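Values reported hereafter were calculated over all heavy atoms of this structure, with side chains retained and with hydrogens, waters and symmetry mates removed. Keep in mind the model is a prediction, meaning the values are calculated, not measured.
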Amino acid sequence: WSEGGGFTLMANTDMTVADNLNVHDNSAQHGGGGIYCPHSNISLTNSIINNNEVASDGNNSGGGIKLNISLSVETETMNNSIISNCIISDNYADQGAGISYNIGDGNIIDQPTLVISNSVITKNRCSLSSFNGSAFHAVTLLNGTITFINTTIANNSRAGIYLRLQGMNTDFHPVIFNTILYGNLDNKQIQFSTVDLSVSGVSLDISYSLVQEGQDSIATALNDTLNWGTGNIDMNPMFSDTASGDFRLLALSPAINAGH
């Protein structure tokens, strides 16, 4: 398949509800090794997206899931998606090995939204470098309004989250709340883009989250803003058994009852 090795939503669909899926061991040439959502809304719940891959050419994205809008008109107002109670693990792509969320270059009347909640994004693998030499990571976010709630992003092969403002869009304000970022192997839990500083200006809010090495693990760029809120901690989350893919918390974990 060119895109959507497991399945592809029909373009311009209002909302597809997908529950209790196991999307695994698929491949695609250009994006969405597991799932591809072009100009479409998805509510993905209680599902496992595992061991999917996208062929490497230096710029392919979304090993597990690719959500993509290439905006060319000012009236585009879609792609309000939800990923909840999902496990996204062991997927491979050049960029956004777990999830790639890309809102294109047009003017947007209503910012598309993506909410990722109560999910685990782990052990996804990216190529060493891609796209003008900038390494991409487990979750690649290019524009849009994104919120992480009660989610674990851990032990991925590059930084946990990559943020990039692009095109004419100026409203890119991700929020991370009650979330764990730990053990991602690029020595950065979050990476702001340095590809084109002329369009920098991401504003990121983080609160009540466990972030390994705290603010030192978040690489900001010129004109970007990190709003380090209350309740953040830097401690070992004490996962149960990462070697076997069990990222539940042990009873003595400092992350238990530390949220809001």
Side-chain angles (χ1 to χ4, degrees), residues 88-89 95-101 116-117 119-143 145-166 172-240 242 247 249-250 252-260:
I88 301 168
S89 65
Q95 53 178 297
I99 302 171
S100 174
Y101 184 68
I116 301 174
S117 65
S119 294
V120 177
I121 303 169
T122 59
K123 301 171 69 175
N124 298 287
R125 309 176 314 282
C126 288
S127 62
L128 291 178
S129 63
S130 62
F131 198 70
N132 297 331
S134 177
F136 280 80
H137 312 290
V139 182
T140 294
L141 306 173
L142 308 181
N143 297 338
T145 300
I146 302 100
T147 302
F148 295 88
I149 306 173
N150 301 333
T151 289
T152 294
I153 302 172
N155 288 31
N156 297 287
S157 73
R158 306 296 286 176
I161 300 172
Y162 176 88
L163 303 171
R164 182 184 173 199
L165 186 70
Q166 66 177 2
F172 188 19
H173 192 161
V175 174
I176 298 174
F177 186 77
N178 280 5
T179 285
I180 295 173
L181 286 149
Y182 193 87
N184 298 295
L185 301 181
D186 198 28
N187 297 319
K188 300 181 185 71
Q189 304 310 315
I190 302 172
Q191 170 73 60
F192 289 70
S193 173
T194 58
V195 171
D196 185 357
L197 297 180
S198 67
V199 293
S200 62
V202 177
S203 179
L204 171 66
D205 292 353
I206 304 178
S207 59
Y208 295 99
S209 293
L210 188 155
V211 182
Q212 185 179 18
E213 299 183 9
Q215 296 181 67
D216 291 340
S217 71
I218 301 173
T220 59
L222 182 69
N223 298 323
D224 292 323
T225 303
L226 172 61
N227 300 311
W228 188 257
T230 59
N232 295 316
I233 60 175
D234 170 17
M235 301 178 73
N236 187 330
M238 299 178 65
F239 297 125
S240 293
T242 59
F247 285 83
L249 300 177
L250 296 174
L252 295 179
S253 169
I256 293 177
N257 296 323
H260 182 70

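Considering Asn178, Val120, Ile121 as possible partners of Thr151, the one that fulfils the side-chain contact (heavy atoms from CB on, under 4.5 Å) test is Ile121. A side-chain contact (heavy atoms from CB on, under 4.5 Å) with Ile153 is found for one member of Ile99, Ile161, Ile88 and no other, namely Ile161.
Distance alone, capped at 3.5 Å, is enough to place a donor-acceptor pair between the Asp234 side chain and the Glu213 backbone. Between the side chain of Asn156 and the backbone N or O of Asn184, no donor-acceptor pair lies under 3.5 Å. Not one N or O on the side chain of Gln189 forms a donor-acceptor pair closer than 3.5 Å with the backbone of Gly160. Ser217 places no side-chain N or O within 3.5 Å of a backbone atom of Gln215 that could act as its donor or acceptor partner. Between the side chain of Asn232 and the backbone N or O of Ser209, at least one donor-acceptor pair lies under 3.5 Å.
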| Under the side-chain contact (heavy atoms from CB on, under 4.5 Å) criterion, do Ile176 and Ile190 qualify, and how do the steps go? | CA-CA 11 Å; Ile176 298 174; Ile190 302 172; 3.7 Å; yes
| task | For Val175 and Phe148, run side-chain contact (heavy atoms from CB on, under 4.5 Å): C-alpha distance rounded to whole Å, both residues' side-chain angles, the deciding distance at 0.1 Å, then the answer. | result | CA-CA 6 Å; Val175 174; Phe148 295 88; over 6 Å; no
| task | For side-chain contact (heavy atoms from CB on, under 4.5 Å), just list the numbers for Tyr182 and Thr152, CA-CA rounded to whole Å, side-chain angles, deciding distance to a tenth of an Å, and then say yes or no. | result | CA-CA 8 Å; Tyr182 193 87; Thr152 294; over 6 Å; no
| Step by step, would you call Ile218 with Leu181 a side-chain contact (heavy atoms from CB on, under 4.5 Å)? | CA-CA 10 Å; Ile218 301 173; Leu181 286 149; over 6 Å; no
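When the side chain to side chain contact (heavy atoms under 4.5 Å, CB included) test is applied to Asn227, the partners found at least two apart in sequence or on another chain are His173, Ser203, Asp205, Thr225. Considering only residues two or more places apart in sequence or on other chains, Ser253 meets the side chain to side chain contact (heavy atoms under 4.5 Å, CB included) condition with Met238, Leu249, Ala255, Ile256.
For the pair Phe247 and Ala154, the tightest heavy-atom approach, listed with the atom from each and the gap, is CE2-CB, 3.9 Å. In this structure, Asn124 and Ala97 approach most closely via the heavy-atom pair CB-CB, 3.8 Å. Across all their heavy atoms, Gly96 and Cys126 have their closest contact at N-SG, 4.3 Å.
Using a 4.5 Å cut-off on side-chain heavy atoms (C-beta onward), Leu250 and Phe239 make no contact.
To the nearest 0.5 Å, atoms CD1 (Ile116) and CD1 (Ile146) are separated by 8.0 Å. Once rounded to the nearest 0.5 Å, the distance linking OH of Tyr208 with CG of Asn150 reads 13.5 Å.
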